[in-house]
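Note sheet for the following structure.
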Protein chains: 2
Amino acid sequence: MSTLADVAARAGVSKSTASRALNGSGYVSAETHARVTRAAQELGFVAHPGAASLATGRTQTVAVILPRADRWYFAELLDGVQEELLTGGLDLMLYNGADGSEGRARMLDHAISRRRFDGVIAVGIEPEAHEIERLLKARRPIVTIGPHSEGASSIMLDDRLTAHVATEHLIDLGHTDIAFLGGPADPQRAGFGDALRIRGYLDAMAEAGLEDAARIVPAESSVPGGYAAAGDLLGNKRTRPTGLLAVCDETAVGAMIAARRMAISIPGELSVVGIDDHQYAEMFGLTTMRQHPREQGRTAVRLLQERMQNPDAPLARRVEASALVVRNSTAPRG
Amino acid sequence: MSTLADVAARAGVSKSTASRALNGSGYVSAETHARVTRAAQELGFVAHPGAASLATGRTQTVAVILPRADRWYFAELLDGVQEELLTGGLDLMLYNGADGSEGRARMLDHAISRRRFDGVIAVGIEPEAHEIERLLKARRPIVTIGPHSEGASSIMLDDRLTAHVATEHLIDLGHTDIAFLGGPADPQRAGFGDALRIRGYLDAMAEAGLEDAARIVPAESSVPGGYAAAGDLLGNKRTRPTGLLAVCDETAVGAMIAARRMAISIPGELSVVGIDDHQYAEMFGLTTMRQHPREQGRTAVRLLQERMQNPDAPLARRVEASALVVRNSTAPRG
DNA sequence: CTGTTAGCGCTTTCAA
DNA sequence: TTGAAAGCGCTAACAG
């Protein structure tokens with residue numbers, strides 16, 4: 001509850017000197033600095049953020065836009081962002097709402113108009129939604145995680161390569177009938193990342209001369225989603241593939257559970273590869289492409305901070321690689 | 001970028017009148033009100049939150065303290081909170097960090113000292129951590145979700161009754177050898193909710209004269225946690241229980257997967273009950289006690305708003321009931 | 001290196 | 001019902 005004036009009085013200096021000493025900006029003698037810091041400490045002084053923001057235009061807050069928190073990937077990301085923000089003394093204002101949901105647009109408007117943040121980390125924003133353009137109008141630096149957008153720094157998994165490598169892994173094991181499990185029923189509406197994963201899968205199939213065998217089975221990115229989709233796909237023994245690349249580990253796990261229910265042995269009769277290296281992958285023995293959302297979150301904060309300090313800093317565009325983690329869900333074609 | 005002064009000028013009134021018109025406080029003629037609102041609209045005016053907060057002391061922000069975002073329960077809760085906050089035009093400042101984690105205390109101090117929020121929603125705070133006391137010092141209303149604390153409103157599941165009912169369900173089916181799966185290895189360190197669930201389980205067992213058969217098998221509240229713990233528990237056919245109450249659905253699902261791997265039929269040889277009605281419960285046919293974290297989140301916001309508007313409003317203490325949802329994971333003892 | 005002086009944009013008495 | 005004026009607590013020129 002004490003104000004800068006109190007601190008200044010106690011230290012026997014003016015408010016401006018106190019301010020300078022506390023912010024480390026401008027010249028202050030070592031002795032004065034010490035006196036002021038001590039006074040502040042003794043009074044338990046903490047600057048009123050509203051007042052500071054009014055005076056400087058800065059808020060020490062980062063907005064995080066997230067489609068949802070209930071998937072492993074996003075939750076991990078969020079944790080990483082939070083950790084890194086904390087070390088910088090920045091606050092995290094969360095705006096979570098599904099793409100295209102009713103509240104989402106309203107949320108974004110609300111967020112932007114109140115401009116309560118110095119920077120934005122936007123996760124999984126679809127370029128065609130033009131959300132980035134609206135954010136850019138707020139003239140705050142932006143880092144996207146997922147699809148890259150003009151005017152923003154970005155971090156993304158090399159989705160295409162990831163799916164390519166995963167598919168090749170199956171091909172190398174001798175599989176020729178490999179299905180891709182994931183994406184919406186209407187492939188046109190596939191999210192950016194999903195579309196790239198499908199692309200990588202198709203490329204790899206084509207390179208191996210298997211383009212005719214390629215098939216894409218829509219599935220939600222969740223365990224029940226993978227379970228349901230795999231149920232249909234694996235039901236008929238005649239048409240069942242021997243290899244499966246899932247859009248993410250959750251979907252892959254769902255498929256594995258479905259397979260087990262149908263008494264299809266993994267990896268004996270069916271090899272499954274996921275993408276993520278989800279917390280559950282280990283227990284299911286799932287072969288997968290590992291990515292590090294937590295690290296991505298931390299990196300996003302660092303990139304953002306650079307541009308918050310220097311708005312003219314160049315935009316960064318990071319593409320992350322993933323590594324194949326082989327467990328027991330894949331084996332040579334029987 | 002336009003300020004209240006701009007709006008006032010455009011509407012041909014003073015700043016104070018404009019402010020009154022926009023905030024709906026005080027007397028303003030209908031005609032003036034209309035003119036001001038129009039002017040504000042045309043200019044796309046939005047009050048600078050920092051300035052408003054400096055003048056009023058209020059921030060239109062609610063802090064949410066969460067142990068983690070990667071579990072279904074917390075993620076759902078968060079979504080509910082966000083939705084409801086949005087309808088009230090409030091912003092959500094997130095502080096997530098595991099109980100007792102290194103950053104957690106720092107986070108809380110940071111949050112409190114900056115007092116950037118008008119109220120707090122604290123999820124799963126353990127009473128003995130004294131975090132609530134520290135929050136109360138910030139003199140902001142608090143709603144806890146989970147353990148109740150003096151001085152705060154609270155919403156909690158009736159954990160004890162829930163576990164009691166779930167256990168009774170198994171007893172009614174004729175089971176006598178029923179284990180509880182969950183809680184830490186050292187029962188003293190069980191979280192508040194977990195401890196109550198264990199209590200409810202023990203009570204029900206005792207009431208049925210089964211106290212000697214009661215046993216508690218520690219397990220993490222996660223699928224892999226349930227899987228690992230069930231592996232040990234179910235391994236020996238001699239000592240294997242016929243009924244299992246898991247601390248949450250994730251643990252229950254893990255146990256079901258473990259059972260299936262060991263070719264233990266559910267519900268033929270083993271009945272399993274969970275708590276939550278998790279997104280996955282349906283697909284696993286899991287019998288469970290349903291709770292509604294999303295609704296709990298919304299309710300928390302409403303309770304908080306009441307006390308934000310009127311600090312003298314009485315503290316609320318809501319205890320929510322859960323309902324038994326019977327699926328296919330439970331059956332009469334074979 | 002330090003103090004004085006103006007605000008930042010809004011709300012809120014108080015008088016009119 | 002409206003306006004003038006005084007801050008809220010901080011920062012940032014500008015002098016000194």
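When reading the values below, keep in mind they use all heavy atoms of this one structure, side chains included, and skip hydrogens, waters and symmetry mates. All chains are named by letter (A, B, ...) in the order of the sequence lines, taking the proteins before the strands, and each is independently numbered beginning at 1.
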Partners passing salt bridge (Lys or Arg N to Asp or Glu O under 4.0 Å) against A/Arg20 (at least two apart in sequence or in another chain): none

All side-chain hydrogen bond (donor to acceptor under 3.5 Å, both in side chains) counterparts of B/Asp79, not counting sequence neighbours: A/Asn96

Outer limits of DNA chain D sitting under 4.0 Å from a non-hydrogen atom of chain A, read 5' to 3', are D/dG9 to D/dA13

Contact check, side chains of B/Val13 and B/Val36, non-hydrogen atoms, under 4.5 Å: yes

What string of B, S and - do you get for nucleotides 7-16 of chain C 5' to 3' if you count protein non-hydrogen atoms under 4.0 Å? BBBBBBB---

Tell me, please, which residues at least two apart from B/Ala52 pass side chain to side chain contact (heavy atoms under 4.5 Å, CB included). none

Can you pull the salt bridge (charged side-chain N to carboxylate O under 4.0 Å, His left out) pairs that have at least one residue in residues 145-156 of chain B, sequence neighbours excluded? none

Not counting sequence neighbours, which residues clear side-chain hydrogen bond (donor to acceptor under 3.5 Å, both in side chains) with B/Arg38? List them please. B/Glu42

So if I take the C1' atoms of five pairs at each end of the helix from C/dC1-D/dG16 to C/dA16-D/dT1 and get each local axis, what angle do the two axes make, rounded to 10 degrees? 30°

Applying side chain to side chain contact (heavy atoms under 4.5 Å, CB included) to B/Thr59 and not counting sequence neighbours gives A/Arg116, B/Ser53, B/Thr61, B/Asp118

B/Leu43: side chain to side chain contact (heavy atoms under 4.5 Å, CB included) partners, not counting sequence neighbours: B/Ser2, B/Asp6, B/Val7, B/Arg10

The side-chain hydrogen bond (donor to acceptor under 3.5 Å, both in side chains) partners of A/Thr37 (sequence neighbours excluded) come to none

Sequence neighbours left out, what pairs pass salt bridge (charged side-chain N to carboxylate O under 4.0 Å, His left out) with at least one residue falling in residues 301-310 of chain A? A/Glu84-A/Arg302

With a 4.0 Å cutoff (strictly under), does any side-chain N or O of A/Thr32 reach OP1 or OP2 of C/dC1? no

